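The structure appears right after this line, and notes come after that.
For clarity, every value in this text was computed on a predicted model and none was experimentally measured.
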Amino acid sequence: MPLSSLSLLPLHRAPLPPTSNYPPPPPPSRALLLPLLRHSPVSRARAVAADGMAAATAAAETPPTLLEYMGQAGAADDLVVLVAHVQSACKRIAALVASPGNAELSRGKAGGGVAVAAGRDAPKPLDELSNEIILSSLRRSGKVAVMASEENDLPIWVSNDGPYVVVTDPLDGSRNIEVSIPTGTIFGIYNRLAELDHLPEEERAQLNSLQSGTHLVASGYVLYSSATIFCISFGAGTHGFTLDHLTGEFVLTHPSIQIPPRGQIYSVNDARYFDWPEGLRKYIDTIRQGKGQHPKKYSARYVCSLVADFHRTLIYGGVAMNPRDHLRLVYEANPLSFLAEQAGGRGSDGKSRILSIQPVKLHQRLPLFLGGMEDMLELESYGDVQQKVNPGYEV
C-alpha cells in the first residue's frame, strides 16, 4: 500500500481508563519548596531571630577572658589596667621562653660578673630580659608606684602617681629552660602606702615592698608549659585562665579552683633526705608507706620548678615543699600562699602561716610548704620539719 494512503486510514486507540482511577499527584517535596520558603518574609524574620538566639547562646557559653572576668567581678579600673599590662608582659615572656634562642640565654651569665645582693640567685640573661619586659609594662601602665623584683638588689620607684606596688619573680625556674622543663612568673600586688609618701624615695620604696601577705590585693602566677596558664586571685577565690593562641587572649578554664583537702602526692627533692630533720623524715616515711592519717600510699612528683610543682598541687592536692631556707618570702612564698588560701589550702614555713610573717628584707629566705588543708595540718603536726643543715648544694 502506498504510504500516502496510510493517512487516510482511521486510527484505532485503546480506550483510556477513567480519570478517577488515577491517584492524585503527590505534593511538592520539601526540598523543592525550601528555596521558596526561605525567601518568604515570615521565614526571613524567623531566620534572623534564630540567628540572634544562636549568637546569644554562643556568647553565653563562651568563657570570659581575664579582663572580661575582672569587669564582671567589679574589679577597680586601675587594677584592670595593671593586670592588662601584666598579662601583656607574660605573653611576651611566653614567646621568649619558647623561642629557639632561649637555651643560650639560659646558659649565659648576666650582669657582667657584678656581685649580687645576699639572698639573690646569680641572674642569667633570660632572667634579666624577663625582668625588663615586666618593668617596661608596669611603667607603661601608669598604675605602679614600686616594683620589687628577684632580679634587682633594691625596689625600683616607678611612678609618683601609681596606686599599686608589684613584687615579682619574673622567671622562676629559668635554669630548666635548656631542657624544656616548665617555668613561670610569680607576682603579688599591694596598695601603695600613702602614709609613707613623706619619706625619701628609697626608704618608701623599701617599706612599700615589705608589706605582709595579709595585705595583698591580688596575686598570681603564669605557667609556661604545654599550655600557658595565668592563675590569679583577687581575694575571692583562685581562678585559672589559659592562653588561646588563636585569639591571643587568656580565657577562663579553671574557675574557683579548690585544692583537695587530702591529696596523694608529695613534692620535694628526696636526695636531701639525710639532711632533713627527724620530723620531716618521719612524715615522708609515714605517708609513702600509707601509714599516715590517709590510708593510701603517697607518690612523689618533683619538677624542681616552683610554679610547676605548685600548679600540680593546686589541681591534684598533696604537698609541695622546700624545707630549707631557700625560697623568698616577699615575691614567691607570699603570692603563692595567698593563692593556696584562696583555694582552700594553706601556706606555711612548717610552723607558722606564711601570710602572717612580717618581711624584714626584700630577699628574705625561708622554708615553704604549700598544699591542701588536711595534708598541711598533718605535716605540721610532726613539729620538726624545717631543714637547718644546708651544706651548699650545687643543683
Side-chain angles (χ1 to χ4, degrees), residues 75-86 88-90 111 114-121 123 127-128 130-172 185-221 232-235 327-339 347 352-366:
D77 290 346
D78 286 344
L79 186 59
V80 174
V81 172
L82 171 53
V83 172
H85 283 78
V86 171
S88 176
C90 291
V114 178
V116 298
R120 285 185 57 202
D121 290 333
D127 295 303
E128 293 197 337
S130 300
N131 192 55
E132 287 301 316
I133 288 172
I134 291 179
L135 177 57
S136 176
S137 289
L138 297 185
R139 287 190 194 278
R140 287 197 304 271
S141 76
K143 305 301 179 183
V144 177
V146 182
M147 183 185 98
S149 169
E150 199 274 336
E151 305 306 327
N152 300 115
D153 290 343
L154 298 171
I156 297 172
W157 190 264
V158 178
S159 167
N160 288 325
D161 301 320
Y164 294 112
V165 175
V166 176
V167 297
T168 182
D169 182 351
L171 191 59
D172 171 72
T185 295
I186 304 170
F187 65 90
I189 301 173
Y190 296 91
N191 285 315
R192 170 186 176 176
L193 300 176
E195 61 269 27
L196 303 177
D197 285 351
H198 66 285
L199 297 174
E201 183 176 287
E202 183 176 321
E203 186 177 356
R204 68 175 182 264
Q206 184 83 2
L207 292 176
N208 268 287
S209 303
L210 297 180
Q211 299 184 54
S212 72
T214 54
H215 295 118
L216 278 162
V217 173
S219 79
Y221 64 79
I232 192 167
S233 176
F234 304 101
L327 297 174
R328 271 57 62 104
L329 171 61
V330 172
Y331 43 80
E332 291 175 331
N334 269 336
L336 297 185
S337 295
F338 185 77
L339 290 166
S352 305
R353 178 189 181 216
I354 289 290
L355 297 183
S356 298
I357 300 173
Q358 176 59 51
V360 294
K361 55 185 179 180
L362 178 59
H363 302 290
Q364 178 177 342
R365 294 179 184 257
L366 79 176

For Arg204 and Leu199, indicate whether the former's side chain and the latter's backbone hold a donor-acceptor pair under 3.5 Å. yes
Does the side chain of Ser136 come under 3.5 Å of the side chain of Arg139 through a donor N or O and an acceptor N or O? no
By the salt bridge (Lys or Arg N to Asp or Glu O under 4.0 Å) test, which pairs, at least two apart or in different chains, include something from residues 205-218? none
Go through it in stages, so that I can follow the logic: the residues are Trp157 and Glu202, the test is side-chain contact (heavy atoms from CB on, under 4.5 Å), and I'd like the CA-CA distance, side-chain angles, deciding distance and then a yes or no. CA-CA 7 Å; Trp157 190 264; Glu202 183 176 321; over 6 Å; no
Between CG of Asn131 and CG of Asp169, what distance do you get to the nearest 0.5 Å? 9.5 Å
Find out whether Gln206 and Leu154 are in side-chain contact, i.e. whether some heavy atom of one side chain is under 4.5 Å from a heavy atom of the other. yes
Report the C-alpha separation of Ile232 and Phe187 in whole Å, then their side-chain angles, then the decisive distance to 0.1 Å, and conclude whether the side-chain contact (heavy atoms from CB on, under 4.5 Å) test is met. CA-CA 9 Å; Ile232 192 167; Phe187 65 90; 4.0 Å; yes
Decide yes or no for Leu138 and Val86: does some side-chain heavy atom of the first lie under 4.5 Å from some side-chain heavy atom of the second? yes
side-chain contact (heavy atoms from CB on, under 4.5 Å) assessment of Leu366 paired with Ile357: CA-CA 10 Å; Leu366 79 176; Ile357 300 173; 3.8 Å; yes
Taking the side chain as every heavy atom from C-beta outward, state whether Leu216 and Tyr190 have any atom pair closer than 4.5 Å. yes
Can you find a pair of side-chain heavy atoms, one from Leu135 and one from Val158, that are under 4.5 Å apart? yes
Asn208 and Asn191: which non-hydrogen atoms are nearest, and at how many Å? OD1-O, 4.4 Å
How close do Leu362 and Asp153 get, heavy atom to heavy atom, and via which atoms? CD2-O, 3.9 Å
Roughly how far, to the nearest 0.5 Å, is CD1 of Ile186 from CD of Glu332? 5.0 Å
To check you understand the geometry: which heavy-atom pair defines the closest contact between Glu150 and His363, and what is its length? O-CE1, 3.9 Å
Any side-chain heavy atom of Tyr221 within less than 4.5 Å of one from Asp172? no
Arg192 side chain to Gly162 main-chain N or O, any donor-acceptor pair under 3.5 Å? yes
Distance col, row Leu339:CG vs Ser219:OG, nearest 0.5 angstrom, shows 3.5 Å
Report yes if the side chains of Asn152 and Met147 come closer than 4.5 Å at any heavy-atom pair, otherwise no. yes
Counting neighbours of CG on Asp77 that are heavy atoms of other residues, nucleotides or ligands and sit closer than 6.0 Å, is the number greater than 12? no
Residue pair Leu82, Val166: steps toward the side-chain contact (heavy atoms from CB on, under 4.5 Å) verdict: CA-CA 10 Å; Leu82 171 53; Val166 176; 4.2 Å; yes
For His215 versus Gln211, what's the shortest heavy-atom pair and its separation? CB-OE1, 3.8 Å
Distance-minimising heavy-atom pair for Pro170 and Thr185: O-OG1, 2.6 Å
Looking only at non-hydrogen atoms, find the nearest pair between Ser212 and Asn334 and report the distance. C-ND2, 4.4 Å
Please answer whether the main-chain N or O of Ala84 pairs with a side-chain N or O of Ser88 as donor and acceptor at a distance below 3.5 Å. no
